[in-house]
Structures are given as structure tokens and as C-alpha cells.
Amino acid sequence: MEILVLVIGILLLLTLIIKFKMNTYVSLIITSVVVALGLGMPAAKIATTIQNGIGSQLGELALVFGFGAMLGRLVADAGGAYRIAHTLIARFGRKHLQIAVVVASFIIGIALFFEVGIVLLVPIVFAIAVEAGVPILMLGLPMAAALSVTHGFLPPHPAPTAIAAVLGANAGKVLLYGIIIAIPTVYLAGILFSKIARRYVPTAFEHSGNLKALGPQKEFKLEDTPSFGLSVLTSLFPVILMAITTVYELVVHNGIAPKNPNVLDNIMGFIGSPSIAMLISLLFAMWAMGYHRKIATSQIMTTLEEAVKSIAMLLLVIGGGGAFKQVLIDGGVGESVKTLFSSVNISPLILGWLIAVVLRVALGSATVSALTAAGLVLPLMTGAGVDPALMVLAIGAGSLAASHVNDAGFWMFKEYFDLSVKETLLTWTVLETIIAVVGLGGVMLLSLFV
């Protein structure tokens with residue numbers, strides 16, 4: 001019965017978002033209420049469950065996402081992203097333009113949300129492709145692959161950070177494992193696939209792109225932008241802090257939290273927690289991209305305020321996903337899923353991936369799909385001996401699969417690269433699916449060693 005209610009709930013959510021074009025956050029709350037009633041939860045307690053779900057979801061994430069958006073906006077507005085892209089492309093040369101775009105997109109993608117990264121990088125990719133005389137999509141696909149992988153696999157991005165919080169995974173381990181899996185995934189899905197796609201969808205590579213879809217662009221002079229080293233350091237600062245703490249814990253304590261931490265343990269744990277790492281990184285970014293360049297405090301604060309406005313709806317959607325997740329847990333759906341699959345001889349990692357894939361195809365949103373899947377697989381992990389960090393990556397990979405017409409990313413890619421729906425399905429959708437499959441393969445391979 002619980003599974004039936006879940007299916008009806010997902011269909012309702014899909015109908016509200018796609019058929020009635022209702023706001024995703026509002027749709028999630030409505031669906032949460034309907035599913036809670038369908039599961040027989042006491043009506044008087046439904047509001048409390050929803051509030052608890054939103055609160056627990058946004059507790060630390062509001063800090064991480066808020067600071068992350070501010071840091072990314074500071075780097076972008078100062079021209080740091082522009083400097084990173086152009087410097088790498090100049091260093092790699094025309095023969096290795098795809099690798100240069102991947103590296104630039106990877107670095108910028110860590111600091112910026114997926115949608116912001118695309119808007120920022122597309123004009124640069126267009127300009128480079130025209131100058132080098134290569135099809136725009138030959139650089140566009142590697143760029144999209146790198147941005148998608150950072151979005152799905154690496155904290156402090158919304159989905160992996162949120163799933164890590166739900167499953168109790170160490171964000172530093174997720175980051176470390178995520179980078180190991182991300183490198184071959186981006187190569188296969190971005191660089192190798194673009195060469196294959198050029199053969200079977202040749203018309204897609206003949207388009208000149210659509211810069212008008214991006215709106216007015218901020219122009220930079222290279223000499224007025226921050227140095228390459230400072231731009232990279234600022235973008236990667238939170239990653240560096242979390243990685244240092246993770247490596248320290250693995251080397252000194254074999255990855256197990258010490259029962260009686262000493263002063264150094266406390267310091268490393270402090271700077272490596274996602275919220276504190278993002279706060280320290282933001283303060284560094286304010287200096288590096290602002291005060292160091294003689295930019296007035298008022299202008300820096302304006303940038304920070306604009307950054308927060310840009311993620312307000314994202315935060316609400318994530319909160320709504322948390323509410324839906326909590327209803328599923330409190331209503332007993334998680335236990336029903338556990339019972340349903342208890343006799344199925346399948347790895348919990350593959351199961352988590354499959355659930356995320358199904359939800360992604362149905363709902364479109366990678367973040368909502370990942371959060372819902374995390375709530376469903378949480379009971380399955382008990383006693384299964386699965387590393388939570390690997391489960392985060394399995395779900396993150398599944399949440400990227402088969403992006404199609406109900407995903408905003410699908411339409412962004414279509415419009416910016418001036419493709420038909422068919423061409424977008426044969427390029428973007430296949431690209432996202434390759435990332436999901438290769439990502440799962442990487443997770444399963446890692447599970448043999450960790």
C-alpha cells in the first residue's frame with residue numbers, strides 16, 4: 001500500500017510540474033501533504049513532519065549554499081572565471097582545446113552552480129570555437145560534461161552535499177571519491193563521446209549557437225582580471241580545505257573519527273566541515289576578488305546580495321525535497337522499500353542508482369530526485385555495510401541520467417547551442433546518461449577497494 005501511495009505521489013508531482021507548470025517548491029509541499037494523508041499519517045502531525053523535513057534539510061545546507069553562491073559570484077564578477085578559461089586554453093593550445101575546456105569547466109564548476117556555470121562559460125566557448133575554427137559543440141559537450149559531473153558528484157554542490165547530510169556521509173570522503181570517479185567520467189562522456197556524436201549527429205555540429213539566449217553579457221579585458229593562480233586558488237579553496245581534513249583523517253586515524261580528539265584533530269575537523277570551509281573560503285574570496293583589487297565594500301556587498309537572490313528558489317526546492325523525504329520516512333515508505341527489496345539479490349549501491357534514475361526520468365530535477373532516492377535507500381543501508389560516501393555518489397550519478405524535456409538543463413543546452421529537440425536528445429540526453437552509467441561503474445569499482 002505504501003509503495004502504491006508513493007507511485008501516486010510521484011505521478012501527482014510530475015503532473016503538477018509538467019502539466020500545470022506549477023512552481024516546483026509548491027508542488028513538492030502539496031505532494032508531501034497528499035502522500036502523508038495517503039499513508040494514514042495523523043493530519044495534525046503532517047505540518048510538523050513537513051517542518052522537520054525542511055528544517056533538517058536546510059540546517060547546514062543553507063550555510064553551504066549561501067556561502068557557495070556568494071563565492072562563485074565574486075569569482076565570476078571579478079573576471080576570475082574568464083581568466084581561468086582563457087589562460088588554460090592559451091596554455092593547452094589549439095590541439096588540446098577540449099582538455100583545456102574540461103579543466104576550466106571543472107575548476108569553475110566547483111565554485112559555481114550548474115546553471116550559472118553554463119551561462120558564464122558558453123560565451124567563452126563560443127568565442128574560442130570560432131577563433132580556432134572548430135564546431136561549437138565539440139567544446140560545448142566537454143564543458144557540459146565537466147559541469148554536470150561537478151554538479152552531481154562533488155560537494156559543496158547542492159545534490160551531493162544534501163545526500164551526504166541525509167545519509168550521514170563524510171563530505172570530504174564524498175569529495176575525494178567523487179574526484180577519482182569524475183576524471184575518467186568526464187573524459188569518456190565529454191571528450192570521447194563528442195567525437196562519436198559528431199559522426200552520428202553531424203547536423204548538430206553545424207550550428208553556430210545562440211548567444212542571444214544568454215542575454216546581455218559582461219565583458220572583461222584580460223589585463224583587468226585577477227591573476228590565474230589567485231582565481232584558481234579562490235575557486236578551489238573550499239575543496240582544498242575539505243580535502244586536507246579528509247587526507248589527515250585517513251592518514252592519521254584511518255578514516256575513523258577519534259574517540260578522544262586532540263587539539264589538531266579539533267582544528268582539522270573544524271576547517272573541514274562544509275559550512276566552516278565555505279565561510280573561510282568566502283572570506284578569502286572577499287579579499288582576493290574584492291579588497292585586494294581595491295573594490296569598495298559596498299560593491300562587494302551588492303555582489304553577495306545578488307548571489308543570495310539567485311539561489312533563493314533553489315533553497316526552497318531543496319527544502320521541499322526534504323519535506324517529501326521526511327514524509328516518506330515517517331509514513332513508513334522507507335521500511336516498505338526495505339522489505340520489498342530485502343529478498344532481491346542486488347547491491348544497495350545499484351538499487352540506489354536505479355531509484356534515482358527512475359525519479360530523474362519522472363521528475364526532471366536532479367536535486368529532488370537525489371533527495372527522494374536518499375530518503376528511500378536510507379533504511380536499506382542499515383546493516384548492509386555500504387560506505388555512505390559511495391552511496392552518495394551512486395545516487396548522484398543516477399540523478400543525472402536521461403535528462404529530457406522535463407529538465408531545465410535540457411532546454412538551456414538546446415537553446416544555447418541552437419539545436420532541435422531531436423539533436424538535443426541525441427547529444428545532451430545521451431551525454432547525461434553516459435555520465436550516470438560510467439559514474440555507477442566507478443562507484444562499483446571503488447567499492448572493491450574501500
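Worth saying up front: this structure is predicted, and the values here are computed from it rather than measured.
- Taking CG of Leu39 as the reference point, atom CG of Leu6 lies at 8.5 Å (rounded to 0.5 Å).
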**Prompt:** Can you list the steps and then say if Trp428 with Lys414 is a side-chain contact (heavy atoms from CB on, under 4.5 Å)?
**Reply:** CA-CA 8 Å; Trp428 165 259; Lys414 175 189 178 298; over 6 Å; no
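- A 4.5 Å side-chain heavy-atom check between Leu440 and Leu393 finds every atom pair outside the cut-off.
- Within the 4.5 Å cutoff, side-chain heavy atoms of Ile179 are placed close to those of Leu175.
- Considering all non-hydrogen atoms of both residues, Pro142 and Gln98 come closest at CG-NE2, 3.8 Å.
- Within 6.0 Å of atom CZ in Phe270, 12 or fewer heavy atoms from other residues, nucleotides or ligands are found, so the atom counts as exposed in its surroundings.
- Looking at heavy atoms from C-beta onward, Leu304 lies in side-chain contact with Leu282 at the 4.5 angstrom threshold.
- Asp330 places no side-chain N or O within donor-acceptor distance of the main-chain N or O of Val327, the cut-off being under 3.5 Å.
- Looking at Ser27, its side chain never comes within 3.5 Å of a backbone N or O of Leu13 through a donor-acceptor pair.
- A distance of 7.5 Å separates CD1 in Ile84 from CG in Leu236, rounded to the nearest 0.5 Å.
- Closest approach of Leu390 and Ser447 over heavy atoms only: CD1-CA, 3.6 Å.
- Between the side chain of Arg360 and the backbone N or O of Ala401, at least one donor-acceptor pair lies under 3.5 Å.
- Counting heavy atoms from C-beta on, the side chains of Lys221 and Asp224 come closer than 4.5 Å.
- The main-chain N or O of Ala436 is found under 3.5 Å from a side-chain atom of Trp353 such that the two form a donor-acceptor pair.
- Nearest heavy atoms, Ile29 versus Gly320: CD1-CA, 4.2 Å.
- Residues Ile30 and Met22 form a side-chain contact, since some pair of their non-hydrogen atoms from C-beta on lies under 4.5 Å apart.
- From Leu446, atom CG reaches atom CG of Leu349 across 10.5 Å, with rounding to the nearest 0.5 Å.
- Classified by interplanar angle (parallel below 30°, tilted 30° to 60°, perpendicular above 60°), the ring pair Phe237/Phe284 is parallel.
- Between Glu432 and Phe410 the shortest side-chain heavy-atom distance does not fall below 4.5 Å.
- Remark: side-chain polar atoms of Thr150 are paired, donor with acceptor, to backbone N or O of Leu147 under 3.5 angstrom.
- Contact detail for Leu71 and Thr234: the closest heavy-atom pair is CD2-O, 3.9 Å.
- With rounding to the nearest 0.5 Å, the separation of CZ in Phe153 from CD1 in Ile180 is 12.5 Å.
- With contacts defined as side-chain heavy-atom distances shorter than 4.5 Å, the pair Phe413/Leu141 qualifies.
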**Request:** Let me see the working for Ile50 and Gln326 under side-chain contact (heavy atoms from CB on, under 4.5 Å), right down to the final yes or no.
**Result:** CA-CA 7 Å; Ile50 290 174; Gln326 197 64 44; over 6 Å; no
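- Distance check: Leu241 CG to Ile276 CD1 gives 10.5 Å after rounding to the nearest 0.5 Å.
- The heavy-atom pair separating Ile163 from Ile395 by the smallest distance is CD1-CG2, 3.8 Å.
- With hydrogens and angles disregarded, no donor-acceptor distance shorter than 3.5 Å links the side chain of Ser275 to the backbone of Leu63.
- Residues passing the salt bridge (Lys or Arg N to Asp or Glu O under 4.0 Å) test with Glu306 are Lys309, sequence neighbours excluded.
- Under the ring-ring contact (aromatic ring centres under 6.0 Å, His included) criterion, Phe193 pairs with no residue at all, not counting sequence neighbours.
- Listed for the Arg83 side chain is no donor-acceptor partner under 3.5 Å among the backbone atoms of Ala78.
- To the nearest 0.5 Å, atoms OG1 (Thr429) and CD1 (Ile434) are separated by 11.0 Å.
- Using a 4.5 Å cut-off on side-chain heavy atoms (C-beta onward), Leu154 and Phe106 make contact.
- A donor-acceptor contact shorter than 3.5 Å is absent between the side chain of Arg73 and the backbone of Thr303.
- Residues Val35 and Gly9 come closest through the heavy atom pair CG2-CA, 3.6 Å.
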**Request:** Carefully, step by step, assess Tyr177 and Asp387 under the rule side-chain contact (heavy atoms from CB on, under 4.5 Å).
**Result:** CA-CA 11 Å; Tyr177 296 163; Asp387 188 328; 3.7 Å; yes
**Prompt:** Given the rule in the side-chain contact (heavy atoms from CB on, under 4.5 Å) test, do Val232 and Ser235 qualify, once you have shown the distances and angles that lead to the verdict?
**Reply:** CA-CA 5 Å; Val232 171; Ser235 298; 5.8 Å; no
